[in-house]
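Read through the structure below, which is laid out as structure tokens, and then see the notes.
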There are 2 protein chains.
Amino acid sequence: MIGHVQPSPVAAAAMADDAPGAAETPRDPWVLDEVGALARETLGERVTAELRALLVAGRLAPGEKLSLRRVAEALGVSMMPVREAVSRLAADGALEVLPGRAVRVPVLTLAQFRELTRLRLVVEGFAAEEAARKATPDQLARIAAHEAAFRQAASAEAPDPAGAVAANRDLHFALYEAAGMPSLIEMIERLWLKAGPILNLDMRHEPRRLKGGRAMQEHEKLLAALRRGDAAAARAALEADIGAAAAHIEQTGQLKESD
Amino acid sequence: MIGHVQPSPVAAAAMADDAPGAAETPRDPWVLDEVGALARETLGERVTAELRALLVAGRLAPGEKLSLRRVAEALGVSMMPVREAVSRLAADGALEVLPGRAVRVPVLTLAQFRELTRLRLVVEGFAAEEAARKATPDQLARIAAHEAAFRQAASAEAPDPAGAVAANRDLHFALYEAAGMPSLIEMIERLWLKAGPILNLDMRHEPRRLKGGRAMQEHEKLLAALRRGDAAAARAALEADIGAAAAHIEQTGQLKESD
DNA sequence: TGTCGTGATCTGTGATCACAGTTAAGTTGG
DNA sequence: CCAACTTAACTGTGATCACAGATCACGACA
């Protein structure tokens, strides 16, 4: 149940119905017992994961309206699983259903965005501290790999916005995973779900922000801090990263003034 | 929480290029403007609220199994709204749906409970600091009232467990509300939803813990700190309150040993 | 020409039905 | 008397239908 889908390159194609292997009657202790219960993902969960990916990647713009029937048809499923997915995401505040109208991606107020940023500083900052204390060499290597991927996508002559967004997300969540606190990761995912649309939509539209290099600098500092187990420095670097991105968003003025 | 209706039915467009200075045509102040959109609570939301209340109050014990049809019949509604409610709560981790079996209240591992406690210390501690800085006299009075209610319910000759649980919850959330950060409150509600069953189920079964008075002491310190705007002291008192309760729970050993 | 009424169309919400899988009781065979 | 099998009841999941409310476009009236 905790198991979310691995951050994977977003392939938002139609979801084909592949028949999952039927469970064979387990008689004796067998080799296949180790593979555990094969994740019989329900349709609703798959739709939820799909929409989540679209949201954090900024491919659904704030204010964009969704229709249950349209989404259902696009994904090749009935309206039912979509309802469930939208219900969950609406409960998380990642979507909002207006009374009689439609369901849409929330448009954040400036105040709401600032609150979200403050919460991110508190929560993700804590995660960075914890990761600096407990990260294993293996986890550090994974973080470094994503950092390299981000640098490549961001500093290339022709920046790859989508790739940079994905690498940035993978880098951050590899860091948070190193903290070893599943509920903390869920909390952060929820924050990203809310802030993702503006943050990454913007990065998609203004790829030159990437070349500014501020994010890369902080990522580098972060990695160095992690390697020497410096919790305070890791937190500072992450806070600088978050703060810089938030400041840029506020400059663009894509946020609603008030409610 | 979600339902907001735009006051103006006319100017809802302008999503792409919106000039911030564009003022609406001022209509005459109409009497009916004051009556806001009457809260058309959907059935699913009401069921969700009902189950949430039952969970945080500890009236649904960990491991207890629920049946969609049973709950639907008990609440006098169809199975549909219950499905939606369970979907949301399951997405929050407040309930869990086992693959082919039933839906039940999660039984926390010791490790999970400790992680939850740490997160509560971080998040609710931050909320206490913020509240100490920003609480208005009105909000302080409300917190004090709940503190008095808790003291009465806990220190009476015949302790009132249900009343104490409710007063304790009201006290805490009045505090968090004083921080003025809606998303923060949602975050804390989610944490309480997960920890509520064990915390309050125990308080219900062991009312003598109330008479120990540890909670009352910390509540008193907390209130004093709030009144003099001492953020650090407020955080310390709240952390002591949370820590004491958590330590008691761990002693009782109602938690699963491992996964 | 501007404004309001009116109908078609689309929205989410709720109910009912069908189905595969699991659980638990009932029953049979040893 | 106990174990294993069979069957019946119940589980969540998904699909389909019905319905009130909202949106939008077109047309009538002033």
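So that the names make sense, note that chain A is the first sequence line, chain B the second, and so on, each numbered from 1. What you see is a predicted model, and the numbers here were worked out from it, not measured in a lab.
Nearest nucleotide to the B:Thr42 side chain, out of C:dT11, C:dG14, C:dA18: C:dG14. Residue B:Arg83 has its side chain nearest to D:dA15 when only C:dT13, D:dA15, C:dT11 are considered. Checking D:dT13, C:dG12, D:dG14 against every side-chain atom of B:Leu68, the shortest atom distance belongs to D:dT13. Among the nucleotides C:dG14, D:dG12, C:dT13, the one closest to any side-chain atom of A:Arg69 is C:dT13.
Using cut-offs of 30° and 60° on the angle between ring planes, the pair B:Phe173 and B:Tyr176 is perpendicular.
Taking atom CD of residue A:Glu73 and atom P of nucleotide D:dG14, one finds them 19 Å apart after rounding to whole Å. Here the C1' atom of nucleotide D:dG14 and the CD atom of B:Glu84 are 16 Å apart, to the nearest Å. Put simply, CE on A:Met79 is 10 Å from P on D:dT16, counting in whole angstrom units. Atom-to-atom, CG of A:Leu98 to P of D:dG21 comes out at 17 Å; the value is rounded to the nearest Å. Rounded to whole angstrom, the span from the CD atom of A:Glu45 across to the C1' atom of D:dG14 amounts to 14 Å. Nucleotide D:dA22 holds its P atom 16 Å from the CZ atom of A:Arg104, rounded to whole Å. Rounded to a whole Å, the CD atom of A:Glu64 is 14 Å from the P atom of C:dT11. We find that CE of A:Met80 is positioned 12 Å from P of D:dT16, with the value rounded to whole Å.
Base contact: A:Ser78 has a heavy atom under 4.0 Å from a base atom. Using a 4.0 Å heavy-atom cutoff across all strands shown, A:Leu66 reaches sugar-phosphate atoms only and no base atom. Residue contacts shown for A:Val103 are limited to sugar-phosphate atoms, with no base heavy atom under 4.0 Å away.
Of the residues near DNA chain D, A:Lys65 and A:Gly44, the one whose nearest nucleotide (by heavy atom distance) lies more toward the 5' end is A:Gly44.
For the pair A:Glu115 (side chain) and B:Ser183 (backbone), a donor-acceptor distance under 3.5 Å is present. Panel note: side chain A:Lys194, backbone A:Ala94; no donor-acceptor pair is recorded below 3.5 Å.
For the pair A:Arg52 and A:Trp192, the NZ or CZ position fails the cation-pi test of under 6.0 Å to the six-membered ring centre and within 45 degrees of the ring normal.
Here A:Glu73 contributes atom CD and A:Leu68 contributes atom CG; the two are 13.0 Å apart, rounded to the nearest 0.5 Å.
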